[in-house]
Structures are given as C-alpha cells and as structure tokens.
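See structure below.
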Amino acid sequence: MSNRRNKLNWLNLYAVAYMVFLYAPVVLLPIFAFNSSTIIAFPLNGFTTEWFGVLWTTEALHNAVRNSMLVSVSTAIISTVLGLFAARAVARYTFPFQRGIMGLVMLPLVLPEIIIAVSLLIVLIQLGLSLSLWTVVLGHVLICTPFSIAVLSSAFRGLDPSMEEASFDLGETHWGTFRRVTFPLVMPGVISSLLITFTISLDEFIIAFFLTGTEVTLPVYIWSQLRFPAKLPSIMALGTILLALTVVLLILAEFFRRRSATRRGLDASTTEGLI
C-alpha cells in the first residue's frame, strides 16, 4: 500500500511539473500585454491597456481577422459535414478495407504539418491553381476532418440502434429517420466538432503560411509582426485575446461532448475526450 501511495505522489508531482512547464509561457502573455513598457522583459514598468487599443486601429490586423474567420468557419462546416458522413458509415456499416481506408483518412493526425503543407503546395502548383484563402481551406479541411471523425464516431457509436429500427417500423424513410431521430441525438457532437475544428483552423500556422496568397490569415500576420520589436506588446495583447477565445471554445466543445454522452446514457467523465 505504501509503495502504491508513493507512486501516486510521484505521478502527481510529475503531472504538476508538466503542467507548469507547458503553461507557464502562456501565462506570460497577459502579463506583458498589460505592461506599459515596449520591452518584453522583467521588471514590469506599469499597468496599461494601450496595446489593446492599438489593435482597434490596425487595418491590416482587421483584414487578417476577416480572412481567418472566413477560413475557419468554412473549414469547420466542411470538416464537420465530411466527418458526419464518415462517422455514420463507420458506426453503422461494414465495408471492404474499412480499417485501411479509415487509417488513411486519419493519417493527417500523425503526419507532420510541414510535410502536408509542402505536399499540397506542390500538387496545387502542378495543377496550375493559384494560392488563395480557399487553398488554405482545402489544407485545413484535410487536417481537421480526422478530428471531426474522432468526435462524431463516439457520438454515433453510443446511439441505440433500436431507436432507428422503431422509426423504420413506424413507416419513416432512412432520410426522415436520420433527420428526426439520429441527427438530434448527435447534435451536441456536431456542435462540439464545429467548435474544435474552428479552433484548430483559427490557430493553424504552417499550412496557412505555405498555401496563402496575398491575403494572409491571422497566425501568418502575427508571425510577420514578430520582426518588429515595437509591435511585440500589441502582439502580446492579441495573443491574450486569442488565448481567452480558444479556452472558451474548448470549454464549450467539452460541454457539448458531455451533453451528448449524457443523452446516450453514458458517464461523461469516463467517455473519451475530444481528441
């Protein structure tokens, strides 16, 4: 018993040290965002909200935000629709080479993004397509669809097949059953998929850097501003806003995932997470 307790203590200590190492740099974002000095270093000079005000007067930033919103919303919708079809097929049907096909679909989860970005760039150039925001959407859909499938597969596998069978027995069609019975039950999973894919697309840099044209997304804009030391405080302020937005979206995604698990009569605390 004492050995087990010691192992748990060491495991807890390791978990705390890991979380501190992982998130300590993130905590510095809001600290320097409210620092009055343009130099990102300690000691702090004073409290100010000036850098947040700078964000409202930067037209290039506004354009980058609009571009990122267009890319992220488009990616979230397309990825979730594709993930919905794939998760439905895997959960309800058996087809030849099913594991191999799904392995290829989920491959972008483990491939380095720079490999995906360079490969897509070469293919697009060979096809004679010009780089634009829609090529970025194409790349983001490729990496976001596996995340959507992971979320929605859990939702579909938890459904009771007898509910659909009862709908068929009452004379409803396959489409009517999906629309009236299946889709409302997996709706929390769909919303969770939309939120997580939107967040991934909004934060993604490498693919956007390689595939964007003259219309840059927000991460690419941030990277371009890091060369100018005077712009760093406003970038810290922007990072603080993005950090808060990402945390809120992930909390909402987890809330809808747990709601989906509860609807299916599962223990939300023990079901698999978003990813």
Side-chain angles (χ1 to χ4, degrees), residues 22 25-26 28-30 32-33 38 40 51-80 108-148 194-250 253 275:
L22 186 64
V26 178
L28 295 178
L29 276 176
F32 287 115
T38 57
I40 308 301
W51 313 121
F52 290 89
V54 172
L55 301 179
W56 296 104
T57 59
T58 307
E59 185 63 28
L61 171 62
H62 301 166
N63 293 332
V65 170
R66 283 192 290 267
N67 293 338
S68 281
M69 291 299 296
L70 173 62
V71 170
S72 300
V73 171
S74 301
T75 299
I77 294 174
I78 298 173
S79 299
T80 300
L109 285 177
V110 296
L111 280 178
E113 287 190 9
I114 191 169
I115 300 299
I116 298 175
V118 172
S119 301
L120 284 174
L121 179 62
I122 294 173
V123 170
L124 292 172
I125 292 176
Q126 292 298 319
L127 293 176
L129 300 177
S130 58
L131 301 181
S132 66
L133 293 179
W134 294 110
T135 57
V136 178
V137 171
L138 180 64
H140 284 187
V141 167
L142 181 63
I143 63 172
C144 287
T145 299
F147 289 92
S148 177
L194 288 170
L195 290 173
I196 194 68
T197 52
F198 175 86
T199 304
I200 293 171
S201 177
L202 184 66
D203 293 340
E204 202 285 324
F205 166 74
I206 297 177
I207 290 179
F209 177 76
F210 277 90
L211 300 184
T212 190
T214 57
E215 300 174 298
V216 300
T217 60
L218 186 57
V220 177
Y221 169 81
I222 293 175
W223 177 85
S224 67
Q225 297 301 300
L226 295 179
R227 295 173 294 174
F228 308 104
K231 299 290 184 67
L232 287 180
S234 60
I235 296 301
M236 291 289 184
L238 179 59
T240 301
I241 296 174
L242 290 176
L243 175 64
L245 176 62
T246 301
V247 170
V248 170
L249 289 177
L250 290 177
I275 300 172

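In this chain, numbering begins with 1 at the start of the sequence shown. Owing to the predicted nature of the structure, the values given are computational and were not obtained by experimental measurement.
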- Message: Please check if the number of heavy atoms outside Ile114 that lie under 6.0 Å from its CD1 is greater than 12.
- Response: no
- Interatomic spacing from CZ in Phe198 to CG in Asp203 - rounded to 0.5 Å: 9.0 Å
- Between the OG atom in Ser74 and the NE2 atom in His140, the distance rounded to the nearest 0.5 Å is 11.5 Å
- Query: Does the side chain of Leu121 come within less than 4.5 Å of Leu131's, by heavy atoms?
  - Reply: yes
- Message: Taking the side chain as everything from C-beta on, heavy atoms only, tell me whether Ile116 gets closer than 4.5 Å to Pro108.
- Response: yes
- Do Ser72 side-chain atoms and Ser68 backbone N/O form a donor-acceptor pair below 3.5 Å? yes
- Query: Is there a side-chain contact between Leu202 and Val71, using heavy atoms and a 4.5 Å cut-off?
  - Reply: no
- Query: Taking C-beta and beyond as the side chain, do Glu215 and Asn63 meet within less than 4.5 Å on heavy atoms?
  - Reply: no
- Query: Considering the options Val118, Val136, Leu124, which one meets the side chain to side chain contact (heavy atoms under 4.5 Å, CB included) requirement together with Phe210?
  - Reply: Val118
- Item | Donor-acceptor contact present, side-chain Thr197 to main-chain Leu194, <3.5 Å | yes
- Item | Interatomic distance, Thr217 atom OG1 to Ile222 atom CD1 [nearest 0.5 angstrom] | 9.0 Å
- First locate atom CZ of Phe147, then atom OG1 of Thr199, and finally report the distance between them rounded to the nearest 0.5 Å. 11.5 Å
- Side chain Thr135, main chain Ser132, donor-acceptor under 3.5 Å: yes
- Classify the angle between the aromatic ring planes of Trp223 and Phe209 as parallel (below 30°), tilted (30 to 60°) or perpendicular (above 60°). perpendicular
- Answer whether the closest heavy-atom distance between the side chains of Leu142 and Ile207 falls below 4.5 Å. no
- Query: Do the side chains of Asn67 and Val220 get nearer than 4.5 Å, heavy atoms only?
  - Reply: no
- Item | Donor-acceptor contact present, side-chain Glu204 to main-chain Ala208, <3.5 Å | yes
